[in-house]
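First up is the structure itself, then whatever we jot down about it.
These values consider heavy atoms only, across backbone and side chains, with no hydrogens, waters or symmetry-generated copies. Numbering of residues begins at 1 and proceeds along the displayed sequence.
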Amino acid sequence: MKDLIKALLDYSRLGQGNLKIVPVDMGKILDDLIEVLQTAITEKEATITLVDRLPVIHADRLHMQQLLQNLLSNALKFSRHGISPEIKIFCKEGTNEIGHACWKFSVKDNGIGIKEEYFEKAQMIFQRLNDRDAYEGTGIGLAICKRIVERHQGFLSIESAEGVGSTFHFHLPKHPNSPTLQA
């Protein structure tokens with residue numbers, strides 16, 4: 001219950017106030033998170049591969065840390081029994097659906113995957129797709145990711161196949177519209 005209340009408070013705070021937009025070295029955030037998650041990485045015998053160099057972006061640093069931590073933690077948590085997690089992180093420059101320059105990040109795993117019919121549900125608050133006994137958690141992590149990305153004027157999408165793995169894509173603008181983005 002304590003974890004659920006903390007997660008709910010974290011989620012509700014994401015919509016409050018202005019974001020603190022600063023230059024954020026996504027590579028440094030990833031390095032720090034790998035250190036923080038080292039115990040889980042070692043226990044699961046996971047490999048994390050950085051395919052593309054991560055850029056310095058303009059965003060809220062704490063939010064970017066939480067976003068990557070949630071995605072990496074999920075990739076470790078929702079691994080297939082007896083198979084070491086393989087997590088790959090990609091980033092490319094591109095344009096969004098309206099032609100603005102953006103960063104296209106992807107976090108790909110070889111975990112249990114998600115059925116396509118559950119892609120939207122997976123991003124909603126308190127929508128667990130798995131049995132509580134099989135996987136711990138609050139059912140709020142991807143909802144937090146979605147909210148963070150949307151607050152940064154971006155979008156989150158999922159590609160997945162059950163039993164094969166998932167790829168979570170998040171696109172963030174290269175040039176935010178203003179120094180402080182509001183809810």
How many angstroms lie between atom OG of Ser166 and atom CD1 of Ile112, to the nearest 0.5 angstrom? 7.5 Å

Under 4.5 Å between any side-chain heavy atoms of Asn70 and Ile148, yes or no? no

Single-linkage hydrophobic cluster Val22~Leu68, side-chain heavy atoms < 4.5 angstrom: yes

Where is the tightest heavy-atom contact between Arg53 and Cys91, given as atom of each residue plus distance? O-CB, 4.3 Å

Please report the interatomic distance CG(Leu33) to OG(Ser73), rounded to the nearest 0.5 Å. 8.0 Å

From Ile29 atom CD1 to Leu54 atom CG, the distance as rounded to the nearest 0.5 Å: 9.5 Å

Please test Leu72 against Leu37 for side-chain contact (heavy atoms from CB on, under 4.5 Å), starting from the C-alpha separation and ending with a verdict. CA-CA 9 Å; Leu72 291 174; Leu37 298 171; 3.8 Å; yes

Over 12 non-hydrogen atoms of neighbours within 6.0 angstrom of NZ in Lys88: no

Could you tell me which residues satisfy ring-ring contact (aromatic ring centres under 6.0 Å, His included) with His169, sequence neighbours excluded, listed by chain and number? none

Same hydrophobic cluster for Leu76 and Val36, using side-chain heavy-atom links shorter than 4.5 Å among ILVMFWY? no

In Å, rounded to the nearest 0.5 Å, how long is the span from CD of Glu150 to CZ of Arg147? 9.0 Å

What residues form a salt bridge (charged side-chain N to carboxylate O under 4.0 Å, His left out) with Asp52, not counting sequence neighbours? Lys92

With hydrophobic residues grouped by side-chain heavy-atom distances under 4.5 Å, do Leu67 and Ile158 end up in a single group? yes

Side chain to side chain, Gln38 and Ile34, heavy atoms closer than 4.5 Å: yes

Using a 4.5 Å cut-off on heavy atoms from C-beta on, say whether the side chain of Gln153 contacts that of Leu172. no

Do His58 and His175 have ring centroids that are under 6.0 Å from one another? no

Side-chain donor/acceptor of Ser79 to backbone N/O of Pro85, under 3.5 Å: no

Sidechain-backbone polar pair: His152 side chain, Asp60 backbone, donor-acceptor under 3.5 Å: yes

Just so I know, are the side chains of Thr49 and Ile87 near enough to count as touching, which here means a heavy-atom distance under 4.5 Å? no

How does the hydrophobic cluster around Ile98 look, that is, which other residues are in it when side-chain heavy atoms under 4.5 Å mark a link? none

Side-chain heavy-atom pair Ser106, Phe168 within 4.5 angstrom cut-off: no

Got Ile89 and Leu30 here, is their nearest side-chain heavy-atom distance under 4.5 Å? yes

With a 3.5 Å distance limit and no angle check, can you tell me whether Asn110 reaches the backbone of Ser84 through a side-chain donor-acceptor pair? yes

side-chain contact (heavy atoms from CB on, under 4.5 Å) between Ile57 and Lys174, worked out: CA-CA 7 Å; Ile57 67 171; Lys174 284 185 78 174; over 6 Å; no

Qualifying residues under ring-ring contact (aromatic ring centres under 6.0 Å, His included), relative to Phe90, sequence neighbours excluded: none

Under the salt bridge (charged side-chain N to carboxylate O under 4.0 Å, His left out) definition, can you give me all pairs with a residue in residues 99-110, not counting sequence neighbours? none

Flag side-chain contact, heavy atom, 4.5 Å: Asp32 against Gln65: no

Measure the spacing between NZ of Lys77 and NZ of Lys44 and express it to the nearest 0.5 Å. 10.0 Å

Interatomic distance, CG@Asn18 vs CZ@Arg151, rounded to 0.5 Å, equals 7.5 Å

If we only count heavy atoms from C-beta on, is the Leu71 to Leu142 side-chain gap below 4.5 Å? yes

Using the side-chain contact (heavy atoms from CB on, under 4.5 Å) rule, take Glu93 and Trp103 through it: C-alpha gap first, then chi angles, then the decisive distance, then the call. CA-CA 5 Å; Glu93 292 183 68; Trp103 295 109; 3.0 Å; yes

Holding to ring-ring contact (aromatic ring centres under 6.0 Å, His included), I want the full list of residues that pass it with Phe105, two or more places apart in sequence or in another chain. Phe170

